[in-house]
Structures are given as C-alpha cells and as structure tokens.
Amino acid sequence: MKPSILKRDDKARIEYSYDSRGLVVWPNFLTASEIEDARCSVDSLPLLEEPWHDGQKRGGEIHRAPGCLSTLSATLFDHPVTRLLIGYPHRLLESYAITRDRGQLDLHGGRAEFLSGKDARDISSRSWVEDRKIYSLRVKVLVYLDDVVEPEDGRFAYVEGSHKAAFAFHRAFPNGRMGAFDLWRTVEVHAGDVIWLNESMLHGAEEKTSQKRRRLLAFTYGPAFMVDWRELNVPSLQASGYHSAETEGDTTRERFDE
Ligand SMILES: O=C(O)CCC(=O)C(=O)O
C-alpha cells in the first residue's frame with residue numbers, strides 16, 4: 001500500500017479525474033503479497049448467496065475481520081484520496097466482500113435517478129464542488145483481488161457523465177444500455193487495482209461468463225453525518241424508511257439487457 005501523502009500534481013490529477021470522469025483508478029495499489037493475504041482472508045469468510053443476484057456471494061462488515069482486511073480498511077479510511085473526495089470529516093458507511101461467478105450487476109446509483117414509486121430524485125449520493133473543493137456523500141472504494149479484463153470477466157461498467165446528469169438514465173433511455181451505448185464505458189482492472197468511485201454515477205458490471213474468479217472488497221465512506229444503508233432501510237419512529245432507487249433491483253433487468 002502506498003504512503004499517505006499526495007504530491008500536488010497527483011492531487012490535481014485525482015480531482016480532475018473524479019470531477020470529470022466520476023472515478024479515480026489507482027493501479028497496483030496492493031503488492032503481490034497483500035493481494036494473496038486479502039484473497040486468503042476472503043476465501044475464509046462466511047459468504048452468503050445474494051437473494052437478489054444469482055451467482056453472487058457477499059460477506060459484510062469486513063472492516064471487523066481480523067488481519068489484513070481491517071488493516072486495509074483503516075488504510076483506506078485514512079488515505080488522502082478518501083479525504084480529498086469527501087471533503088468533510090468522514091466515516092465508514094459499509095464494508096463488504098463480494099464474489100461473482102456469473103451474471104451482470106445491474107446499473108445502480110445515478111445523480112438524476114428517481115426513488116422507486118416517487119417523483120423524488122435519489123439525492124443520497126450526490127457530490128458537488130464548492131470553492132474548488134469536492135464534497136461527496138458517498139465514495140465507494142473498490143479493491144479488486146482478481147484480474148477483470150476481458151468482457152466475459154464481467155468488467156466494471158458505468159454510464160459516462162451520469163454523476164453530473166440532469167436526466168434520469170432509465171427514463172431518458174428506456175431501452176437501457178443499448179439506447180445509450182455511446183455513453184457506456186468499461187474499466188479493465190488487474191488484481192491489486194483500486195477504484196475510488198463517485199456513487200452518484202450510474203454503474204454496474206457486465207455479464208460474467210468466464211470461469212475465472214472475481215473477488216472484490218468494497219468500502220463506502222461518506223461525511224460523518226451520513227447513515228449506512230441498513231439504517232436507511234429500517235423504518236423507525238422518526239423516519240419513513242428509504243425507498244430504493246428506480247435503477248436498483250429486478251425491475252431494471254429488462255431495460256439493462258441487450
Ligand atoms: O462488481 C463490480 O465491479 C462493481 C461492484 C459494485 O458496483 C458494488 O458493489 O456496488
């Protein structure tokens with residue numbers, strides 16, 4: 001892992017990439033031995049099948065797992081890129097490991113998307129720039145533990161510009177991905193690469209058909225006043241609960257398919 005100091009040029013490059021592209025890719029963030037340690041840790045976690053995604057398994061709270069996963073969580077929490085992009089005293093909102101054997105990950109997030117069944121925009125992950133400083137409500141750090149390079153490996157995918165969009169993707173392009181294929185971008189990653197992702201960008205992953213392993217770690221950070229997803233989903237005395245965004249869940253599948 002890299003020392004936590006950013007040179008001035010790096011800072012400018014990172015800010016530019018996050019603002020214009022919605023993500024920052026840091027190749028070779030982990031060393032070969034760190035990748036091996038993280039893989040062993042993930043392989044020993046109790047991962048559960050996702051009820052909503054055939055072929056995907058998840059283990060949560062990995063920042064509490066002993067050994068390298070909690071160390072990595074602490075490193076990413078303190079990392080200057082994380083601080084730079086949130087721009088405010090921050091907290092960890094969620095952490096998990098996922099493995100995917102097959103299938104695609106539906107598009108989710110999106111600055112302009114609607115809450116399902118409502119005419120309200122999902123503002124839960126917005127970001128903005130004020131006085132040339134970035135503030136983000138949700139930054140997801142994706143740590144890839146396997147190469148995801150070929151289309152059949154299920155590459156990370158996103159809709160260009162959607163972190164700045166004013167029109168909801170699924171309403172503006174009712175045929176989904178193929179209606180907007182010129183905005184569709186993929187990122188090829190190698191084991192040990194890390195992506196700092198603006199969660200207000202519509203993103204997902206291509207269909208995985210290869211037999212290769214696909215393991216990744218995710219840590220979501222936000223300003224200290226934000227709550228994590230589980231808190232949003234539980235109705236309480238003082239909150240009416242979170243209505244998932246229109247882009248999430250099975251309803252989007254037919255729009256996302258080619
Ligand atoms: O599988 C990937 O490459 C992306 C994962 C992701 O977007 C997520 O977990 O929210």
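First listed ligand is number 1; within each ligand, the first listed atom is number 1.
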Heavy atom of the protein closest to atom 3 (O) of ligand 1 (residue, atom name, distance): Tyr144 OH, 2.6 Å
Could you point out which residue of Lys57, Gln56, His53 forms a side chain to side chain contact (heavy atoms under 4.5 Å, CB included) with Ile98? Gln56
Is the closest heavy-atom distance from His108 to ligand 1 below 4.0 Å? yes
I'd like to check whether Arg214 has a polar contact with ligand 1, where a contact means an N/O of the residue lying under 3.5 Å from an N/O of the ligand. yes
Starting from atom 9 (O) of ligand 1, find the nearest protein heavy-atom neighbour and note its residue, name and distance. Tyr96 OH, 2.6 Å
Atom CZ in Arg185, atom CZ in Arg155: separation rounded to 0.5 Å? 12.0 Å
Residue from Lys212, Arg102, Arg215, Arg214 passing salt bridge (charged side-chain N to carboxylate O under 4.0 Å, His left out) with Asp153: Lys212
Report the C-alpha distance between Ser95 and His63 in whole Å, list the side-chain angles of each, state the deciding distance to 0.1 Å, and finish with yes or no for side chain to side chain donor-acceptor pair (under 3.5 Å). CA-CA 6 Å; Ser95 71; His63 62 287; 2.7 Å; yes
Within reach of ligand 1, part of Leu216 (heavy-atom separation under 4.0 Å): side chain
Say whether Arg155 and ligand 1 are in contact under the criterion: heavy-atom distance to a ligand atom below 4.0 Å. no
Which of the numbered atoms in ligand 1 are under 4.0 angstrom from any heavy atom belonging to Phe156? 3 (O), 4 (C)
CD1 on Ile86 to CE on Met226, rounded to 0.5 Å: 10.0 Å
Between His79 and Trp196, how do the two ring planes meet: parallel, tilted or perpendicular, split at 30° and 60°? tilted
Just checking, is any N or O donor in the side chain of Tyr158 or Arg21 under 3.5 Å from an acceptor N or O on the other one? yes
Among all the protein's non-hydrogen atoms, which is closest to atom 7 (O) of ligand 1, and how far away is it? His203 CD2, 3.1 Å
How far is atom 6 (C) of ligand 1 from its nearest protein heavy atom, and which residue and atom name does that atom have? Leu105 CD2, 3.5 Å
